[in-house]
Amino acid sequence: MSYDIRSTGARPMRRLTWMMAPWISLALALQGCGSSSSTSGAGSDGTSPTGGVTVLSGSGLGSGSQQYSLCSTTLSKQDFLKGLDGNLVFTASAISHGRSSAQQIGGLIAMLVGNGIDPAKLKDYDLSFASGDYTYKAGDEGYTFSLYYAADLGSAKAGDKIPYNVFDYKSYLTGISFSILSTPNFSYSHGPLYDLIDGSASVSGTSLAAIQAKFKLKTDLINFVLTSQKAYLGQAPRDHDTLLWKMATTAASLTTIQSQFAAGGFGLLFDGTTYTSLYYGIVQTYGSSPALIKKDDTGYYWSLTYEASVVKGDLTMYQSGVASERSSNYTKYYCDNARTNLIGTATHSTDLQSGVFAFADGSKVSYGLSDF
């Protein structure tokens, strides 16, 4: 089961607006007066070296009609820059959604490991349950996860999905009765998940309709698996652009995940995430894209590395990069899937307001960012 959200900007993503900086105009830096064409970083035979980009002028220098010849394809400068737009949509989204995902997933697991089932704390989470799967909504973010037995327990086998709602005390305690003596007194029978209780349960309340049950769980016996996807729409004029955001984890016990947060980090994958832009005419598909949720003195955060391909007409570029709250964000562009023929690197500012794209030969273009 997947949790699918259509958003029109509650958490604005960013798009690129490119600017030729006065000190880094590609055409002016690479061409002389009267020249009709120039090769950026070309060899003596006029061919483009690995990572080189041929810059072809139109009717005049600085006319805006320059063309770039790269990866066996010729594009106008405008189309080339548009072809880079989609990456920043993902990067900005990875930062904003990543922060929320890290905090919400980290907080939920920390609650289960540290406090167990606490009705008061569960009110902070909008959880729904069906057929062993949970949807988890926090603000405009949504997640889907499942819980599995990490070891044999009674008739259940390791790897079996837990078919009962782990967050409902009635899965642990059944047939609860209430009587008033000198103080309220509760009695109950063992429910199907009672063996997951670590120690004993505390039941309180003033009536059967106002019962509160608190208990800790044997979190080393519960595996957490997240498989979630959400679709986001851009704002006009990009309201037909779609970012399909996928997240998945491998199975790990709640206890293990909690310890991984402060150590190397708990891993997620974003493989299969896509950005389809009718406005810019690109389709971007993410392959190997692992992230780590970590915890430091300021809270939960993540760092994501990714590989992707961007198709624009006859041009296909390949990417690798990093999106993180704690380090520099960058994307490298290549002509080949092996990622040996470097086109250049986009280095994004930590506030995602601007950045610089540097071609392999050192020529640079600056850019700014606006809402997606």
Side-chain angles (χ1 to χ4, degrees), residues 16 18 26 30 38-56 67-77 79-94 98 243-248 250 265 267-277 280-292 302-324 327-348 355-365 367:
L16 280 175
W18 291 84
L26 281 176
L30 300 174
S38 177
T39 301
S40 169
S44 59
D45 60 356
T47 60
S48 179
T50 299
V53 177
T54 303
V55 182
L56 308 172
Q67 291 184 314
Y68 295 163
S69 179
L70 71 161
C71 307
S72 302
T73 303
T74 300
L75 292 177
S76 68
K77 179 177 71 176
D79 281 345
F80 170 65
L81 297 179
K82 279 186 175 181
L84 303 178
D85 245 57
N87 175 76
L88 264 294
V89 170
F90 175 81
T91 300
S93 175
L243 176 65
L244 179 61
W245 185 263
K246 295 185 177 182
M247 294 188 293
T250 56
L268 297 94
L269 293 174
F270 291 84
D271 302 18
T273 293
T274 59
Y275 174 56
T276 304
S277 173
Y280 292 111
I282 64 172
V283 177
Q284 185 179 34
T285 304
Y286 286 82
S288 177
S289 301
L292 288 174
W302 73 2
S303 179
L304 166 68
T305 60
Y306 56 88
E307 292 184 352
S309 62
V310 180
V311 178
K312 181 176 176 63
D314 295 330
L315 173 64
T316 299
M317 294 184 291
Y318 301 89
Q319 302 170 304
S320 62
V322 170
S324 173
S327 62
S328 297
N329 299 285
Y330 67 85
T331 309
K332 293 181 180 292
Y333 291 79
Y334 301 85
C335 287
D336 60 323
N337 192 28
R339 292 169 176 78
T340 58
N341 190 355
L342 179 66
I343 299 169
T345 302
T347 301
H348 326 307
V356 174
F357 184 88
F359 288 98
D361 72 342
S363 305
K364 296 179 181 180
V365 179
Y367 55 83

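- Side-chain contact between T316 and C71: absent, with no pair of heavy atoms (C-beta onward) separated by less than 4.5 Å.
- To the nearest 0.5 angstrom, K364 atom NZ is 8.5 Å from T347 atom OG1.
- The OG atom of S324 lies 12.0 Å from the NE2 atom of H348; values are rounded to the nearest 0.5 Å.
- Going from atom CD of E307 over to atom CD of Q319 covers 10.5 Å, rounded to the nearest 0.5 Å.
- Put simply, the side chain of N341 never gets that close to the backbone of Y334: no donor and acceptor are under 3.5 Å apart.
- Within the model, atoms CG of L243 and OG of S277 stand 11.0 Å from one another, a figure rounded to the nearest 0.5 Å.
- Across Q284 and A308, no two heavy atoms sit closer than the pair CG-CB, 4.3 Å.
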Q: Apply the test side chain to side chain contact (heavy atoms under 4.5 Å, CB included) to residues S328 and V322: give CA-CA distance (whole Å), side-chain angles for both, the deciding distance (0.1 Å), then the verdict.
A: CA-CA 8 Å; S328 297; V322 170; over 6 Å; no
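- With rounding to the nearest 0.5 angstrom, the OG1 atom of T345 is 11.0 Å from the CZ atom of F359.
- The nearest pair of heavy atoms linking Y333 to A346 is CE1-CB, 4.1 Å.
- In this structure, T273 contributes its side chain and K246 its backbone to a donor-acceptor pair below 3.5 Å.
- Across every non-hydrogen atom of A291 and L304, the tightest pair is CB-CD1, 3.7 Å.
- Contact check for N337 versus S309: no side-chain heavy atoms found under the 4.5 Å cut-off.
- Exactly one residue among Y286, F270, Y318 makes a ring-ring contact (aromatic ring centres under 6.0 Å, His included) with Y306. That residue is Y286.
- D314 and T73 make their closest contact through O-OG1, 3.7 Å (heavy atoms, listed as atom of the first residue, atom of the second, distance).
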